[in-house]
Amino acid sequence: MTLDEHTTLAGRFVRSRVVFGPHETNLAVGRSLSDRHRAYYQRRAEGGAGIVVTEVASVLENDRPYERAPLASECGPGWQSIAAACAPYGTLVLAGLGHTGMQGSSAYSQSVLWGPSRVADPVTRELPMAMGQPEIDQLIIGFREASAMAIASGMDGVELDAGPRSILRQFLSGLTNTRHDRYGTDRVALVREIISAVREEVGSDHVVSLRLSCDEEASWAGLTPDLAAGFARDLSPLLDLLVVVRGGLYSSEGYRPDFHCPPNFNLDLCREIKAAVSIPVVVQGSVVDIADARAALEVAEFVEMTRAQIADPDLVVKAARGDRPRPCVLCNQTCLVRDPRNPVVTCVGNPSAGFETVDPDEREQISTPGAVLVVGGGPAGMEAARISAVAGHSVTLVESSSKFGGMIRTFARGDGRSRFALLAQWLEDECRRSGVTMRTGAAVDAQDLSDARSRGELVVVATGSAARPPTYPVDDSVRWLDASEAFGKLTTVGPGPVALIDPLGGPIAVALAEALAAEGVSVSIVTPDGIVGSRLGASGDLVGANTRIQQAGVTRVLASRVIEIASGAVCVEHVHTGEWSQLECEVVIDCSPRLPNETLKEAADIPVGDSVAPRTVLESIREGRFAGFTTRTSFNSAERAIS
């Protein structure tokens with residue numbers, strides 16, 4: 001079976017076997033689906049998605065799990081515009097519907113949380129009220145009325161959420177359902193009643209799909225594959241489609257984990273559930289590569305590739321013609337956005353994701369091409385060169401080192417992080433395919449850039465970053481390394497004790513600690529935070545990272561800052577008590593933010609990426625992208641800097 005093979009569901013045409021699943025976007029205006037939602041889903045439909053499931057809308061107003069969570073009663077116009085935008089591409093569009101129950105938030109609703117039983121959420125520790133029959137009746141009516149509105153708005157059907165954070169899963173699970181009434185003795189009863197009500201409302205000519213958590217990874221009381229297979233068998237006569245996922249009360253990170261979890265991790269689970277039902281099934285679980293997707297279609301009728309299509313909306317079309325899509329690196333850094341800061345969904349490799357109504361279309365050609373010189377072959381430089389070349393410019397990309405990729409390749413080491421090298425290689429390959437002249441080992445100076453400008457060339461400077469000198473005294477009793485330097489010398493850093501200084505709380509120190517520990521090196525991490533990797537919560541790896549380094553024997557020195565390094569030891573001060581202590585070491589690796597390489601800044605028409613301020617891959621590629629767009633619109637302008 002190929003990804004672009006056509007099929008039908010409930011008598012409705014489906015363009016391909018690839019699903020773009022529901023996820024938080026923070027694109028809502030208030031609690032309504034916006035025009036940015038419309039453009040976001042339309043772009044994936046244009047690129048070949050067979051099924052698009054819109055962001056899950058709460059079926060009752062008392063459920064507001066995050067600030068910009070859609071509310072079904074306010075989604076009619078948005079659903080209508082999305083359905084109309086996707087229809088011309090043959091994409092089937094389902095309205096995601098749900099209620100988060102005890103795993104929601106009272107911060108926005110200012111009302112009590114609902115739950116099957118009085119079981120507190122282990123994350124928020126908030127205790128819900130145990131739902132009585134009136135609340136259960138309201139929930140059933142809420143799903144029924146939301147489904148009716150979705151169908152009236154032109155949706156091809158609905159998908160009901162019984163996934164890791166849903167009230168429906170909470171009723172199915174013994175972890176959260178300790179009731180003694182019929183909803184406890186028959187835990188599938190409520191889900192059955194809701195699906196029956198929805199089916200009665202939408203009829204047989206619209207799709208009813210269920211997203212079902214089939215393994216909570218809590219076998220002592222939670223949903224197990226055996227239990228889920230029985231529930232699926234019971235419910236399948238009422239359904240047209242079943243999406244097999246995992247995760248629950250204590251394992252929500254198992255739903256869309258980062259690169260530490262291997263792709264296609266749900267294949268065996270899906271195979272087990274598929275054997276219990278006769279309806280089409282969707283494989284979900286970090287399926288981001290074309291080969292893995294084809295393997296998944298040997299198990300089920302559809303494959304969900306949500307993050308892969310955020311990374312490249314044209315994934316299905318490219319796969320059909322043999323092109324390589326922009327890779328998803330499974331970093332979760334910008335596509336998981338259930339975050340108090342309300343970041344808009346996007347992708348580190350594709351910053352136009354979520355900004356379809358704002359960013360220009362990179363496929364557009366220009367009428368008067370010119371010559372562009374890009375200095376620096378890291379992610380910012382390669383993206384600037386690629387976008388400029390696609391537009392029609394004659395582009396030369398020069399890199400002083402022996403290879404392209406910059407910091408992406410430097411940090412593409414350690415468990416799972418090698419996927420970042422895929423992104424670097426894709427950028428390099430796309431530059432070559434677009435006709436960019438590429439040179440390595442090419443050192444240039446300010447005079448070279450001045451000469452280029454005198455020839456009418458536009459100069460983009462993406463020279464990256466430089467190591468930051470230590471901000472504390474360091475004597476010669478220890479070996480001091482910058483983090484990027486250490487990544488290139490992993491096998492020679494030890495064997496003596498190594499101290500990692502991590503003021504950022506990001507992934508770099510954790511990756512270094514794991515890599516060094518795997519080499520048998522004694523490692524400590526010094527952080528001013530109360531936990532290692534404090535910024536990893538957004539990517540879902542905070543608990544996982546601390547578990548891994550604990551198991552690897554890494555020592556954590558928490559809530560501490562470095563005072564000096566002398567006499568073979570790091571002297572640290574506790575940030576709260578002021579107490580001093582020493583940590584013996586032979587090597588210190590500083591994971592502090594780097595400094596911009598400003599050697600060619602004054603000669604640049606457009607400075608981008610780390611040469612402006614060292615940040616993340618997202619900012620580098622986004623600024624490179626903006627630089628490429630700038631070369632299209634202001635090639636002859638005297639002032640070309642990006643604000």
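Along the sequence shown, residues are numbered consecutively beginning with 1.
Using the six-membered ring where Trp is involved, Phe20 and His23 have ring planes that are perpendicular, over 60° apart on the 30 and 60° scheme. A parallel orientation is assigned to the rings of Trp114 and His99, their planes being inclined by less than 30° (bins at 30° and 60°).
Between the side chain of Arg417 and the backbone N or O of Ala412 there is no donor-acceptor pair closer than 3.5 Å. Glu619 places a side-chain N or O within 3.5 Å of a backbone atom of Thr616 that can act as its donor or acceptor partner. Put simply, the side chain of Asp339 gets close to the backbone of Arg341: a donor and an acceptor are under 3.5 Å apart. His37 places no side-chain N or O within donor-acceptor distance of the main-chain N or O of Leu33, the cut-off being under 3.5 Å. A side-chain donor-acceptor contact under 3.5 Å links Thr54 to the backbone of Gly96. Between the side chain of Ser16 and the backbone N or O of Gly48, at least one donor-acceptor pair lies under 3.5 Å.
Taking the side chain as every heavy atom from C-beta outward, Leu190 and Ile140 approach each other to under 4.5 Å. At least one side-chain heavy atom of Pro263 sits under 4.5 Å from a side-chain heavy atom of Leu330. Contact of the Leu241 side chain with the Leu210 side chain is not registered, since no non-hydrogen atoms from C-beta on lie closer than 4.5 Å. Counting heavy atoms from C-beta outward, Gln170 and Leu249 have side chains that stay 4.5 Å or more apart. Contact annotation: the side chain of Thr357 never approaches that of Tyr40 to less than 4.5 Å [non-hydrogen atoms, C-beta and beyond]. By the 4.5 Å heavy-atom criterion applied to side chains, Leu267 and Val283 are counted as neighbours. Between Asp541 and His260, the closest side-chain pair of non-hydrogen atoms falls below 4.5 Å. Here the side chains of Ile290 and Leu315 are in contact, with some heavy-atom distance below 4.5 Å.
Annotation: cation-pi pair Arg36/Phe355 present, NZ/CZ under 6.0 Å from the ring centroid and within 45° of its normal. Geometrically, Arg17 engages Phe302 in a cation-pi contact defined by less than 6.0 Å to the ring centre and at most 45° from the axis.
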*asked:* Determine whether Glu24 and Arg338 satisfy the following criterion, salt bridge (charged side-chain N to carboxylate O under 4.0 Å, His left out), listing intermediate values before the conclusion.
replied: CA-CA 7 Å; Glu24 295 90 343; Arg338 187 174 287 198; 2.7 Å; yes

*What do the steps show when you test Arg44 against Asp314 for salt bridge (charged side-chain N to carboxylate O under 4.0 Å, His left out), and what is the final call?*
CA-CA 7 Å; Arg44 275 74 201 167; Asp314 294 318; over 6 Å; no

*salt bridge (charged side-chain N to carboxylate O under 4.0 Å, His left out) assessment of Arg43 paired with Asp312*: CA-CA 10 Å; Arg43 186 67 186 85; Asp312 195 329; 5.9 Å; no

*side chain to side chain donor-acceptor pair (under 3.5 Å) between Arg556 and Gln550, intermediate numbers included*: CA-CA 8 Å; Arg556 291 169 288 179; Gln550 174 74 19; 2.3 Å; yes

_If you apply the rule side chain to side chain donor-acceptor pair (under 3.5 Å), what do you find for Asn332 with Arg256, and how did you get there?_
CA-CA 8 Å; Asn332 283 352; Arg256 288 196 174 104; over 6 Å; no

*Take Glu55 and Thr25 through the side chain to side chain donor-acceptor pair (under 3.5 Å) test and state the conclusion after the steps.*
CA-CA 7 Å; Glu55 185 168 0; Thr25 68; 2.6 Å; yes

*Yes or no on side chain to side chain donor-acceptor pair (under 3.5 Å) for Ser251 and Glu216, after CA distance, side-chain angles and deciding distance?*
CA-CA 6 Å; Ser251 57; Glu216 287 190 283; over 6 Å; no

*Run the numbers on Arg211 and Glu304 for salt bridge (charged side-chain N to carboxylate O under 4.0 Å, His left out), then give the verdict.*
CA-CA 11 Å; Arg211 180 167 298 259; Glu304 182 170 305; 2.6 Å; yes

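Of the listed residues (Val158, Leu60, Val59), just one forms a side chain to side chain contact (heavy atoms under 4.5 Å, CB included) with Phe143, and that residue is Val59. Of the residues listed (Val191, Val198, Val208, Ile195), the one engaging Leu238 in a side chain to side chain contact (heavy atoms under 4.5 Å, CB included) is Ile195, and it is the only one.
The two residues Val56 and Pro70 come nearest to each other via the heavy atoms O-CD, 3.8 Å. In plain terms, the two heavy atoms of Asp63 and Arg31 that are nearest each other are O-NH2, 2.8 Å. Closest approach of Gly254 and Arg246 over heavy atoms only: O-CG, 3.4 Å. Shortest non-hydrogen contact noted between Leu212 and Ala232 is CD2-CB, 4.3 Å. Looking at every heavy atom in both residues, Ala162 comes nearest to Leu168 through CB-CB, 3.8 Å. Heavy-atom minimum distance, Val281 versus Cys270: CG1-SG, 3.4 Å.
Glu193 and Tyr183 share a donor-acceptor pair across their side chains, judged by distance under 3.5 Å alone. A donor-acceptor pair shorter than 3.5 Å cannot be found between the side chains of Thr224 and Asp226. Donor-acceptor pairing under 3.5 Å is lacking for the side chains of Gln103 and Asp121. Residues Ser106 and Glu126 bring a donor and an acceptor atom of their side chains to less than 3.5 Å of each other.
For the atom pair CG (Asn26) and OG1 (Thr346), the distance works out to 12.5 Å, reported to the nearest 0.5 Å. Between the OG atom of Ser252 and the CD atom of Glu217 there is a distance of 10.5 Å, given to the nearest 0.5 Å. One finds the CZ atom of Arg615 at 8.5 Å from the CZ atom of Arg622 (value rounded to the nearest 0.5 Å). For the atom pair CD (Glu61) and OG (Ser111), the distance works out to 9.0 Å, reported to the nearest 0.5 Å. Separating the CG atom in Leu336 from the CG atom in Asp258 is a distance of 9.0 Å, to the nearest 0.5 Å. From Arg169, atom CZ reaches atom CG of Asn177 across 11.0 Å, with rounding to the nearest 0.5 Å.
We find that Arg199 and Asp240 are joined by a salt bridge, their nearest charged nitrogen and carboxylate oxygen being less than 4.0 Å apart.
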